[in-house]
> 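Input: one structure, supplied below.
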Amino acid sequence: MAAQQTSIERFLASAAEAAKVILETVQNDGFIHVFSHLDADGVAAAGVMGKALYRLDARFRIRVTQWVDEKIIGEIVADKPQLVILTDFGSGYLDLLNEKIPNVKVLILDHHQITGILANENFVQVNPHLFGIDGATDVSGSGVAYFVAKAVNALNVDLAPVALVGALGDMQDRYEQRKLCCLNEIIVNDAVATGLLKVEKDLTFFGRETRPIHKTLATTTNPFIPGLSGEEDKALAFLASLDIPIKQGEKWRALRDLTEDEKRRLCSALADHLLSKGLHLEVENLIGYIYVLTKEEPNTALRDAREFAVVLNSTGRMDRPSLGIAICMGDRGVALDEANKILEDYRKNISKYLGWVMEKPERMRELQNIYVIYGESFINEKIIGTVSSIIVSGLANSEKPLIAFANVEKEQAAKFSARTTEAAIRKGVNLGEVMRFASEAHGGKGGGHNIAAGAQVSLDKIEDFVKTVDELVGKQLRGEKVGSDSNA
Ligand SMILES: [Mn+2]
C-alpha cells in the first residue's frame with residue numbers, strides 16, 4: 001500500500017504551490033478566511049494553519065463547521081477575503097465552491113475522496129488522492145495542512161505532533177500494530193527529529209495517561225473483551241487476581257504507571273482470557289505503536305496523541321472548537337482547563353446516548369445488510385458520528401455497516417453518519433460511495449471515506465434513503481459496482 005516515492009514528491013510539490021499562494025496573499029496584506037471541519041482532525045488542521053498564519057503576522061480568521069453548504073459559503077464571501085483556505089473538507093464540494101466563489105483564491109487542503117472537477121485557475125487543491133495516495137490511511141486533513149505549513153516556513157515543523165493527533169483522531173493508525181505510515185510516517189519522523197515525539201510499543205488500550213487502569217480495561221472496545229468491556233467490577237477483580245495494585249498511595253494508576261513485569265502479566269492473562277472466550281487473538285494484537293508527546297506533562301490527556309485527539313474532538317462536537325484550536329496553537333492554562341471540563345460533559349453525553357440506544361430495540365434496527373440507529377431528535381447531530389463509531393466496534397456481525405441519523409430540525413434534514421469495519425471493507429464495502437449515491441438519489445448530499453462517511457437528506461426522505469443504503473451495501477457485498485461514476 002505504500003505509495004511510490006514519486007507520488008510523495010508530487011504531493012509535496014502541490015503543498016509547496018499552496019504555500020506560495022499563502023505567502024503571496026500575506027505579502028499583499030490580504031485577508032484570509034480559514035474554514036475547517038469540526039472533528040479532531042479538522043480542529044487540528046485549523047490549529048496548524050492558524051499557527052502558521054499567526055507566525056506570518058497574517059490577517060486571518062478561522063471558522064469551524066460540520067459541513068460546507070451554500071449558506072456558509074455565502075457568509076464567507078460576505079467577509080470579502082482575498083484567500084479562502086478550506087482544511088479537512090472541500091474536495092467533496094468542488095462544484096459548489098466553483099459556483100459560489102469563482103473569483104476568489106481558494107486553497108483546498110483535504111484528504112477526502114474527490115467529487116466534481118477542479119476547473120478554476122483560482123483554486124489550488126492539495127489532496128493525496130490526486131497522487132494515488134490513500135487519504136483514508138496515509139495522511140489526514142491536519143497532515144495536509146502541516147505539509148503546506150512546513151512549505152510556508154520550516155519553523156512550522158514543530159506543528160508535526162498536532163498533525164499526528166489529527167491523523168489519530170481520524171483513525172489512520174490502521175496498519176499493522178496501529179502504526180502510522182506513508183505521509184503520516186514522514187510527519188512522525190519530523191516530530192521525533194525535533195524531540196517533540198517519542199514512539200513506543202505498548203498495550204494500545206485507550207486512556208494510557210489519564211485513566212485508572214481498571215477503567216481502561218472496562219472501556220476498551222478495540223478489541224472488545226467479553227467479560228471485561230463495559231464491566232468495571234470484573235476488570236477490578238481481574239487486576240486483583242494478577243496482583244496488580246490499582247492505586248499508588250492515594251493516586252489511581254494508569255497504564256503508563258505499570259512496570260514491565262506487570263504489563264507482561266496483564267498481557268498474557270488477557271490473551272488467556274480471550275482464548276477462554278473463544279477469541280483467537282494473539283498477544284501481539286494488543287500491542288501497538290504509542291505516540292507520546294514528550295513536551296506535555298505526564299498523566300495528562302495531551303501526552304498521549306490518541307487521548308489528545310479525543311480532547312480536540314470534544315471541543316468541536318460541543319461547540320467550543322476555538323478551545324481546541326487554541327491548544328493546538330500552543331495555549332495551555334485556561335484553555336486546557338476549560339477543554340478538560342468540556343471533555344467530561346462530552347463523555348457524559350456519549351454514555352447517555354449509548355444507554356438510550358440500547359434501552360429499546362426499535363432504536364437500533366437490523367436490516368438485511370446494515371444496522372440503523374434512529375437517533376431522531378434525541379441524539380445531537382454533532383455527536384452521532386462518535387456514537388456510531390463506538391457501537392460499530394462492538395457489533396457481533398462486523399460485516400454489517402452501521403448508519404445512524406439525527407434530525408436537524410431547523411434545516412428540516414436528517415444527518416446520517418455511517419461507520420464500518422475493516423472486515424466489511426475487505427468484502428468490498430465503500431461507505432463514501434454508498435453515502436454519496438444514496439443521498440444523491442434522494443435529493444441530498446453525502447460522501448466520505450470507505451470506513452466512515454456521512455450524508456444529509458430531507459426529513460421526508462429518511463426511509464427511502466435507508467432502503468437505498470441497504471440495497472447499495474448489499475450490492476457491494478456481492479461484488480457489484482454501485483451507481484455511475486459520471487461526475488467523479
Ligand atoms: Mn479528516
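Residue numbers start at 1 and run along the sequence shown. Each ligand, and each atom within it, is numbered from 1 in the order the structure gives.
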> Measure up the Tyr374 and Phe405 rings against each other and bin them: parallel (under 30°), tilted (30 to 60°), perpendicular (over 60°).
perpendicular

> Using the ring-ring contact (aromatic ring centres under 6.0 Å, His included) rule, take Phe89 and Phe35 through it: C-alpha gap first, then chi angles, then the decisive distance, then the call.
CA-CA 9 Å; Phe89 55 21; Phe35 177 31; 5.1 Å; yes

> Hey, what's the ring geometry for His111 with His449, parallel, tilted or perpendicular (30° and 60° as the breaks)?
tilted

> State whether the number of non-hydrogen atoms from other residues, nucleotides or ligands found under 6.0 Å of Glu176 atom CD is greater than 12.
no

> Restricting to ring-ring contact (aromatic ring centres under 6.0 Å, His included), what partner residues turn up for Phe60, sequence neighbours left out?
none

> Have a look around the Mn ion (ligand 1) and list protein N/O/S atoms under 2.8 Å, or say none.
Asp41 OD2, Asp88 OD1, His111 NE2, Asp170 OD2

> Let me know which of Ile32, Leu83, Val152 forms a side chain to side chain contact (heavy atoms under 4.5 Å, CB included) with Val26.
Ile32

